[in-house]
Chemist: 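This is the structure I want to talk about, given as structure tokens.
Here is the naming used below: chain letters follow the sequence lines, and residue numbers restart at 1 for every chain.
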Amino acid sequence: MPVELKDRSSSSSPSSPGPRVLYWFRTDLRLDDSPALTTALSLNPSALIPLWTWDPHYIYASTSGQGLGQRLGQRQRGCVNRWAFLVACMNDVSASLTKLNPKQKLHVVRAAPAAIMDALLRKWKIDVLVFEKDTDAYARTRDAHVTRIAEGLGVKVVAVAGRTLFDSDDVVRHNGGKPTLTMAQLVKAAGKIGDGKPMRPLDAPTILPDPLDWAEMNLDGLVLHEVNDAPSVSCDLKAAVDENENETEHETEHETEHENENESEKKTQTKTNVQAHPDMSTARSGMDSNAAQHLDIPPKSSPLKASPRSLSFPGMGLSDRQFSAGLMGPEGTFSIPTLEEMGVVGPQLHRDADTDTDATSTISSGTGSGNGGNTTSTTQSLYRQGGETAGLALLAAHVTDETYIATFEKPATAPTAFDRPATTLLSPHMHFGSVSVRRFWWAVQDVLERRRLAKQPVSPHPVNLPGQLLFRDMYFAAYAAVGASFGQAVGNPVARFVPWALLSKYPGIPATGSLRDDGEPEPESRYMVDDPQAEEYFQRWKYGCTGFPWIDALMRQLRQEGWIHHLGRHAVACFLTRGGCYVSWERGAEVFEEWLLDHEVACNAGNWMWLSCSAFFSQFHRVYSPVSFPKKWDRRGEFVRRYVPELAGFDDQFIYEPHKAPIADQKRWGCLVKSDGYGLEHYAASTSTTGYGTGNGAGARAMMDSNSSGGAGSDKSHPTPPGQRLYPKPMFDFSQRRQFCLDKMKQAYEVGLYGDDERVLSGEWRSLFGLEEQQGKEADGKSVSSDADLGFRGVKRQRSGVKSALLDGKQRRLETVGADMVHEQHGSSQTDQSPGDQDQDRH
DNA sequence: TGCGCAGTTGACCTA
DNA sequence: ATAGGTCAACTGCGC
């Protein structure tokens with residue numbers, strides 16, 4: 001339990017009024033088992049303000065940030081499912097607070113914490129600021145910054161661990177300061193913490209102090225200049241922190257590294273910032289630098305003049321108004337933004353699940369062995385619902401099925417189950433903190449203990465449910481130790497360096513030839529399209545039109561629902577990287593980051609490294625086949641039929657390889673397998689086959705203009721023959737590509753570089769891989785350069801990689817087109833969230 | 001230092 | 001149809 005504080009707080013005499021406490025919700029949208037909230041209440045506050053800062057960083061970039069996106073000042077918007085889940089969590093917490101005290105609620109302030117915290121602490125005369133500790137790289141920087149502000153005002157700051165089973169910093173310390181790279185290391189280190197077991201969960205509070213009186217809460221009188229005097233606005237956060245931190249004594253090697261990166265980013269940051277967010281190309285034109293400022297600090301004086309960024313979504317005609325109404329929202333009541341205000345209205349998945357319960361279960365591939373009908377149906381309706389109430393109910397529903405909980409073995413759960421997923425679907429709750437990971441752990445552990453005593457069968461570590469949660473802790477601790485570079489290939493000390501296609505490009509050093517036609521510098525926010533073919537593979541992978549039905553079905557499920565099964569994530573991750581496309585895992589990680597409901601930077605990056613054999617796992621000979629692997633689970637291809645409906649009529653025999661079906665049969669089954677089907681543009685633009693979209697369609701147009709990817713345009717205005725649909729042929733010969741990748745991986749292992757190697761940063765890696773010759777080919781005046789340009793230079797110190805890259809004209813065009821869209825939607829990535837995916841095996 | 005073994009979840013072939 | 005061995009070979013760890 002949270003402790004240190006108690007001393008301080010109790011220092012005030014009982015008779016004196018308790019402190020004014022600001023409780024800042026972030027990764028902990030729950031009341032149950034919240035060590036930080038418990039700590040806050042233990043201070044016996046005279047006033048408690050539950051706060052959420054509606055942070056543009058969070059909205060326009062995922063919290064993850066560590067990835068490229070953040071480093072580059074990129075902003076991305078999560079899919080509608082993710083925002084719906086988040087808003088549900090916020091509403092639920094708010095309702096729970098109100099239930100305990102009618103005067104209470106979750107107070108949402110629409111501004112970046114770094115920009116607004118100073119003013120809030122002053123205005124509300126806060127004595128203590130309490131929040132759950134967050135070891136994500138961006139969060140650490142942000143929190144250090146806010147802490148400095150608070151302490152400068154004499155406000156006590158208390159950060160309490162609670163997001164993981166074990167405090168990640170403690171784990172790292174007990175692992176000799178090194179990242180936990182194996183399960184054994186994690187278990188060993190965790191075993192030295194306390195009694196070696198996660199803390200028992202704490203009860204939710206039963207009473208809650210009042211907030212301040214409205215007169216004092218009201219921010220209307222907030223003087224703007226106070227805000228503007230804050231050291232920085234959100235987007236300059238890192239730079240500002242950098243400056244400050246350089247003065248401060250600092251600790252770990254890693255942190256020092258970040259600083260250096262920050263320094264180099266400083267220049268571009270402000271600028272990127274501005275246009276950063278909107279992924280929507282349609283909105284981009286409407287953005288100006290003033291608008292960006294409004295993002296952080298809506299001008300009190302002219303709230304409406306602050307031309308709200310109009311992020312329209314195709315077909316929806318809505319605009320993003322979440323920041324245009326001022327700090328306290330449109331009603332001036334600290335309201336929780338609605339999806340409408342966010343401009344992301346659209347049907348959400350869980351509604352679909354709710355209403356379809358009966359129908360879907362009849363065709364479910366799961367047979368629902370262990371569950372009684374009632375339990376199953378209850379559980380099912382809870383899947384994908386945000387909020388603590390729903391999360392705890394889902395956990396409770398699972399726990400009633402003891403056999404399922406106790407005999408759960410992740411690798412044995414079916415990735416092809418869709419209407420009734422084979423895993424628990426608790427991962428989004430782990431991500432938003434709407435269910436405590438320790439609550440989950442102990443609920444399962446108690447069942448296991450009971451069964452062990454009764455000598456009933458239980459599944460072994462680490463494939464069991466607790467093992468899944470330990471993997472989550474392993475990734476968190478690894479990330480905590482490594483810092484920001486954990487989310488990228490270059491500069492990452494634990495990632496083996498593989499010369500993938502589409503490696504990331506880093507800010508800080510202007511690339512040669514980085515001027516656009518209009519003379520403006522190319523925003524340093526793109527990955528390097530060093531291979532147009534790979535770019536096309538990547539786009540086809542992303543939008544589910546590779547011509548491999550198993551892969552396409554999974555990617556479409558991801559885009560539509562924000563979730564795919566762990567093994568499905570394996571399949572697509574392997575396919576994109578070492579098992580087909582040979583594209584950098586960073587690209588895939590970004591897509592996951594954007595589309596997954598449950599994305600967690602640590603788990604996502606960790607799992608992508610795992611699957612790409614960059615770290616954690618190294619047996620690159622084990623390649624998932626897009627044909628034989630799914631057959632093992634779903635011989636009839638029900639999963640494919642659901643998500644790739646154009647193939648629904650195909651015979652089982654051809655469901656995973658429709659191009660092998662005789663033409664006559666293809667016609668008879670209502671779908672022709674032809675070149676690239678409708679063309680990439682069609683797939684990228686379509687909101688989805690089943691009607692609920694992710695709001696991402698906007699990028700499609702921009703992305704695919706004609707030449708963007710070879711061949712994509714060919715079928716462009718393809719008229720759909722009446723009653724006849726199209727599906728692409730495989731975009732490559734799988735076994736050939738498999739061999740190609742194997743050879744590449746073998747070479748990379750032989751060369752044996754890691755991301756932070758000087759030879760990676762300097763560009764010497766090219767010669768080590770025998771890539772010298774290609775250097776001279778890039779020719780386009782602007783772009784070329786010395787081999788250094790294909791290195792990752794500009795590093796002030798080791799590990800802060802910067803690379804500049806050069807592209808010839810054609811490639812650059814591609815980059816521009818493709819990258820816009822890619823980054824528009826990229827999100828996060830995590831391959832699978834280990835925690836989240838606890839599955840249940842319903843077979 | 002060297003060796004053998006284990007490692008969350010492959011594919012393929014044979015019996 | 002399913003179970004088990006083999007493929008070719010990686011890393012980390014303990015002895």
Chemist: A:Lys632 has an atom NZ; how far is it from atom P of C:dA3, in whole Å?
Modeler: 12 Å
Chemist: Given atom CE of A:Met745 and atom P of C:dT11, what is their separation to the nearest angstrom?
Modeler: 11 Å
Chemist: Working to the nearest 0.5 Å, report the span between CZ of A:Phe497 and CZ of A:Arg759.
Modeler: 11.5 Å
Chemist: Please report the distance, rounded to the nearest Å, between CH2 in A:Trp633 and P in C:dT2.
Modeler: 13 Å
Chemist: Using both distances under 3.5 Å as the test, list the Watson-Crick or G-U wobble partner of C:dA9, or none.
Modeler: none
Chemist: For B:dT8, what is the paired nucleotide under Watson-Crick or G-U wobble rules, both distances under 3.5 Å?
Modeler: none
Chemist: Closest nucleotide of DNA chain C for A:His621 versus for A:Tyr754: which of these residues is on the 5' side?
Modeler: A:His621
Chemist: Ring of A:Phe471 versus six-membered ring of B:dT8: centres under 5.5 Å and planes under 30°?
Modeler: yes
Chemist: From the options C:dA9, B:dT8, B:dG10, select the nucleotide whose nearest atom is closest to the side chain of A:Gln619.
Modeler: C:dA9
Chemist: Would you say A:Thr182 reaches B:dG7's phosphate, i.e. side-chain N/O to OP1/OP2 under 4.0 Å?
Modeler: no
Chemist: Using the C1' atoms only, state how far B:dG7 lies from C:dA9, rounded to an integer number of Å.
Modeler: 13 Å
Chemist: Please report the distance, rounded to the nearest Å, between CZ in A:Arg635 and C1' in C:dT2.
Modeler: 12 Å
Chemist: In whole angstrom, what separates A:Phe620's CZ from C:dA9's P?
Modeler: 8 Å
Chemist: What interatomic distance, in whole Å, is found between P of C:dA1 and the corresponding atom of B:dG10?
Modeler: 23 Å
Chemist: Would you compute the distance between atom OH of A:Tyr475 and atom CE of A:Met609 and round it to the nearest 0.5 angstrom?
Modeler: 8.5 Å
Chemist: C:dA9 C1' sits how many Å from A:Phe617 CZ, rounded?
Modeler: 11 Å
Chemist: Does the plane of the ring in A:Trp765 sit parallel, tilted or perpendicular to the ring in A:Phe769? Use 30° and 60° as the thresholds.
Modeler: perpendicular
Chemist: Tell me which one of A:His429, A:His431, A:His599 satisfies ring-ring contact (aromatic ring centres under 6.0 Å, His included) with A:Phe85.
Modeler: A:His429
Chemist: Determine whether a donor-acceptor pair (one donor, one acceptor, N or O, separation below 3.5 Å) exists between the side chain of A:Gln468 and the base of B:dT8.
Modeler: yes
Chemist: Looking only at the side chain of A:Ser625 (C-beta and beyond, no hydrogens), which of the listed nucleotides C:dA9, B:dT8, B:dA11 gets closest?
Modeler: B:dA11
Chemist: With sugar-phosphate meaning primed atoms plus P, OP1 and OP2, does A:Val623 contact a base, only sugar-phosphate, or nothing at under 4.0 Å between heavy atoms?
Modeler: sugar-phosphate
Chemist: With respect to the phosphate group of C:dT11, does any side-chain polar atom (N or O) of A:Arg496 fall under 4.0 Å of OP1 or OP2?
Modeler: yes
Chemist: Nearest to the side chain of A:Ser628, which nucleotide is it out of B:dA11, B:dT8, C:dT11?
Modeler: B:dA11
Chemist: Under the side-chain contact (heavy atoms from CB on, under 4.5 Å) criterion, do A:Asp136 and A:Arg163 qualify, and how do the steps go?
Modeler: CA-CA 11 Å; A:Asp136 278 12; A:Arg163 196 180 179 196; 3.2 Å; yes
Chemist: With respect to the side chain of A:Met183, which nucleotide from C:dC10, B:dT8, B:dA11 is positioned closest?
Modeler: B:dT8
Chemist: Whole Å only: how far is the OH atom of A:Tyr749 from the C1' atom of C:dC10?
Modeler: 6 Å
Chemist: Once you round it to whole Å, what is the distance between C1' of C:dA9 and CD of A:Gln747?
Modeler: 17 Å
Chemist: Check whether any side-chain N or O of A:Lys188 sits under 4.0 Å from OP1 or OP2 of C:dG14, and answer yes or no.
Modeler: yes
Chemist: Could you go through A:Tyr582 and A:Phe740, starting from their C-alpha distance and side-chain angles, then the distance that decides it, and tell me whether this counts as ring-ring contact (aromatic ring centres under 6.0 Å, His included)?
Modeler: CA-CA 9 Å; A:Tyr582 195 64; A:Phe740 171 83; 5.7 Å; yes
Chemist: Name the closest nucleotide to the A:Ser618 side chain, picking from B:dG10, C:dC10, B:dT8.
Modeler: C:dC10
Chemist: Using the P atoms only, state how far B:dT8 lies from C:dA3, rounded to an integer number of Å.
Modeler: 23 Å
